[in-house]
Amino acid sequence: MAEQDNGYKRLFSHRERMADLRRAFAAWLQQTFPLRRTSESHMRQTSRRALLKAGAAAGLGAWLASRPGDAPSATNADASAAQSPRVPLIHVTDLFHPHGDPDDHFDLASVYALALQGRFDLRGIVIDYPPGFRAGDPAVVAVAQMNRLAGLAVPVAIGTSQTMTGRADAMPDAPWRDTAAIRFILEQLRASERPLALTCVGSAADIVIAALREPALFRDKCAAVYLNSGSAHDNPARPEQLEFNVRLDPAAYAAMFDLPCPLVWFPCWNVTEVRESGESGSFYWLPHREALAEISDAAANLFAYMFGKSTEPKWLRAMNFPPPADAWEKILDGQRGMWSTASLFAAAGLTVTRDGDIVSSAEAGDSAVFRLKPVQVTCADDGRTTWRERTPPAPAAASTASARWMLSVTDVARYPGAMTRAVQALFKTFE
C-alpha cells in the first residue's frame, strides 16, 4: 500500500509540475502578445506543434535578443545546459579516410564533444559519397572511434552519388540504395519530438533533395539548417572562382537558399580562397599544439590515425594507448585551416567571447567574437550569391520559413585566437 501511495504522490507531483509549466508559458505568451488573452485552459488546447515551433523561434531568436552585460563563464554555460533540452541534430559532412581535409575530423570531434556536454542530441552522421578525385571513402571508422570515445551509438548514412541536374531536382528516379541518407533525414525529422537542426559542412544535396520531397515536413519539423559553404565576396583577382563545395554541386548549393525552413549561412570565405579571417567568413587558422596538446590518449589516437592515413585494422584497441611520440610531435607542429567551428557552436545555442570562453549566445552581449545577422540573400543557379543585411525581426519571427541569417565576425583580429581556445576547451571534454 505504501508503494501505491508513493506512486500516487509521484503522479500528482508530475501533474502539478506540468500545471506550473503551462501557467508559466501562458504568462510568457500574455507578456509577449498583450493584445491576446491567454488562459490556462487555452494552453491545454495549444497544439504540440505550435509549442515546438515557438521553442525553435525562441532558440534562434536569442541571437538577436542578446543583451549587453557581463557574459557568463563557460562553467555557467555548462550549468545552464543541464537545464535546457538538447538540440536534436544531424551532422552532414565530407568525412573521408584517407582524409580529404583534416578539418572534417576536427568538426566531428567538436560535434561529439558538444553532445557529451548535453548540448546536442546527436541523431546521426551523414557522410558524402566521395567525388571521383578523392583517395578515400566515407570515414565510418572515425565515427566508430568517436562513438567509442563518447560512449554513444550514433548511426551513419552515406549520401547520394549523383549530382543534381537543377535546383528543383528531387531525383525521383534515383536507385533505392542511393537515397539512404535522404530517407534517413526524413525519418529523423518525422520521429523527432522537437524541431531538429542540421549542420552541413559538406555536400548540400541530401538535405535539399529531402526538402524537395517533403517540404511541409521541413517547414514544420526543421529548426534550422546551418550551412558552411560559399563565399561572402568574390575574389577580384579571380571573379569566376567559386568555393570548393559550391563547385562540386552548384544546383544543390543554390537550392539551399530555397529551403522552407530557417537557414543560417556561414560563408567559408570572406573573399573566395583568401586564407585569412574576415568580417563575413568563418575561416581561421588553428595551431595543432594549442588545440591537441592536452587531449586524452584515446582522442589523440583518433587524430593520429587520421593524420597518418593509417591502414591499421586494430583502430579500436589502439585507442587504449598514446600515439607514437615522434609522429604525435610532428602532428602538434602543424596547423589547420578551419571553417565550421562557429556554425557548430551556433547550432548548439552558443557563441565564443573575444577571450575564447564558450558561452550562451543569448547572454554573450558585446563580448561575442561572432554573432548572426539577418540578411536577405538570393542564389543564382550557378551558385553565386547576392546578399544584404536587413532589419532584425522580432524573436518570434526568427523561425519562419523565410528566415535567413549570416555569420558576422565582430572582432576579426581576435577571432582566430578565440576560436582556438574554444576548441581547446571543447576537446578536453573527452576522457
Side-chain angles (χ1 to χ4, degrees), residues 74 78 91 93-117 119-120 122 125 136 139 141-152 199 201 228 275 277 282-310 312 314-345 348 350 352-353 355-358 369 414-431:
D78 291 342
H91 180 59
T93 174
D94 50 345
L95 181 78
F96 305 123
H97 189 85
H99 58 267
D101 193 315
D103 72 301
D104 298 298
H105 287 73
F106 283 78
D107 295 339
L108 186 73
S110 298
V111 168
Y112 270 87
L114 288 165
L116 272 180
Q117 291 184 4
R119 294 290 179 177
F120 287 142
L122 190 53
I125 308 294
V141 165
V143 179
Q145 289 172 317
M146 287 306 316
N147 275 336
R148 174 66 176 177
L149 190 60
L152 299 175
T199 48
V201 304
N228 255 105
R275 293 178 176 259
S277 298
S282 60
F283 175 83
Y284 69 97
W285 288 108
L286 177 76
H288 290 171
R289 189 172 301 278
E290 292 186 40
L292 302 177
E294 299 180 22
I295 62 176
S296 67
D297 288 344
N301 254 295
L302 178 144
F303 287 102
Y305 189 93
M306 176 270 294
F307 275 113
K309 301 182 178 181
S310 176
E312 169 60 55
K314 297 179 181 177
W315 55 265
L316 177 63
R317 282 168 281 182
M319 296 176 72
N320 295 323
F321 308 98
D326 290 346
W328 186 238
E329 188 63 27
K330 185 177 180 180
I331 290 169
L332 292 181
D333 283 340
Q335 65 175 353
R336 179 62 34 221
M338 295 289 289
W339 289 269
S340 306
T341 311
S343 68
L344 304 178
F345 281 130
L350 301 170
V352 176
T353 70
D355 294 327
D357 294 326
I358 304 169
V369 78
R414 297 177 68 175
Y415 175 74
M419 301 304 284
T420 296
R421 286 188 287 276
V423 171
Q424 180 188 54
L426 202 57
F427 284 179
K428 289 180 182 178
T429 305
F430 302 116
E431 296 180 354

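Starting from 1, each residue takes its place in the sequence as its number. In this text, all values refer to a predicted model and were calculated from it rather than measured experimentally.
- Tyr305 places a side-chain N or O within 3.5 Å of a backbone atom of Glu312 that can act as its donor or acceptor partner.
- Residues Val141 and His97 have side chains not in contact (no heavy-atom distance under 4.5 Å, counting atoms from C-beta outward).
- Nearest heavy-atom pair across Gln335 and Pro287 is CB-CA, 4.0 Å.
- Contact of the Val352 side chain with the Phe345 side chain is registered, since non-hydrogen atoms from C-beta on lie closer than 4.5 Å.
- More than 12 non-hydrogen atoms from other residues, nucleotides or ligands lie less than 6.0 angstrom from CZ of Arg421.
- The nearest pair of heavy atoms linking Asn301 to Ala318 is ND2-O, 2.9 Å.
- The two residues Ala142 and Leu95 make their nearest non-hydrogen contact at CB-CD2, 4.1 Å.
- Here side chain to side chain donor-acceptor pair (under 3.5 Å) pairs that include residues 319-333, with residues two or more places apart or in two chains, are Arg289-Glu329, Arg289-Asp333.
- For Ser343, the side-chain hydrogen bond (donor to acceptor under 3.5 Å, both in side chains) partners two or more places apart in sequence, or in a different chain, are Asn228.
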Side chains of residues 104-115: which donor-acceptor pairs under 3.5 Å do they make with residues two or more places apart or in other chains?
unit_1 : atom_1 : unit_2 : atom_2 : d
Asp107 : OD2    : Ser340 : OG     : 3.3
Ser110 : OG     : Phe106 : O      : 2.9
Tyr112 : OH     : Asn147 : OD1    : 2.8

Show every donor-acceptor pair shorter than 3.5 Å between a side-chain atom in residues 423-431 and any protein atom, with sequence neighbours excluded, or say none if there are none.
unit_1 : atom_1 : unit_2 : atom_2 : d
Gln424 : NE2    : Glu290 : O      : 2.8
Lys428 : NZ     : Glu294 : OE1    : 2.9
Thr429 : OG1    : Gln117 : NE2    : 2.9
Thr429 : OG1    : Leu426 : O      : 2.6

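- By the salt bridge (charged side-chain N to carboxylate O under 4.0 Å, His left out) test, Asp297 is found to be paired with no residue, residues two or more places apart in sequence or in another chain being considered.
- Trp339 and Phe283 have their aromatic ring centers within a separation under 6.0 angstrom.
- Residue Thr341 holds its OG1 atom at 7.0 Å from CG of Leu286, rounded to the nearest 0.5 Å.
- Evaluation of the salt bridge (charged side-chain N to carboxylate O under 4.0 Å, His left out) rule for Arg414 yields Asp355 as partners, not counting sequence neighbours.
- Looking at His99, its side chain does come within 3.5 Å of a backbone N or O of Met306 through a donor-acceptor pair.
- Remark: side-chain polar atoms of Asp103 are not paired, donor with acceptor, to backbone N or O of Met338 under 3.5 angstrom.
- Take Phe307 and apply the ring-ring contact (aromatic ring centres under 6.0 Å, His included) test, not counting sequence neighbours, and it matches His288.
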Report task. Any chance you could lay out the side-chain contact (heavy atoms from CB on, under 4.5 Å) test for Met319 and Leu149, step after step, and finish with the verdict? Result -> CA-CA 9 Å; Met319 296 176 72; Leu149 190 60; 4.1 Å; yes
Requested in this report: Evaluate the side-chain contact (heavy atoms from CB on, under 4.5 Å) criterion for residues Met146 and Leu152: first the C-alpha distance (whole Å), next the side-chain angles of each, then the deciding distance (0.1 Å), finally the verdict.
Outcome: CA-CA 8 Å; Met146 287 306 316; Leu152 299 175; over 6 Å; no
Requested in this report: Please lay out, stage by stage, how Leu316 and Gln145 fare under the test side-chain contact (heavy atoms from CB on, under 4.5 Å).
Outcome: CA-CA 7 Å; Leu316 177 63; Gln145 289 172 317; over 6 Å; no
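- With sequence neighbours excluded, the residues that form a ring-ring contact (aromatic ring centres under 6.0 Å, His included) with Tyr284 are Tyr415.
- When all heavy atoms of Ile331 and Ala304 are compared, the closest pair comes out as CD1-CA, 3.9 Å.
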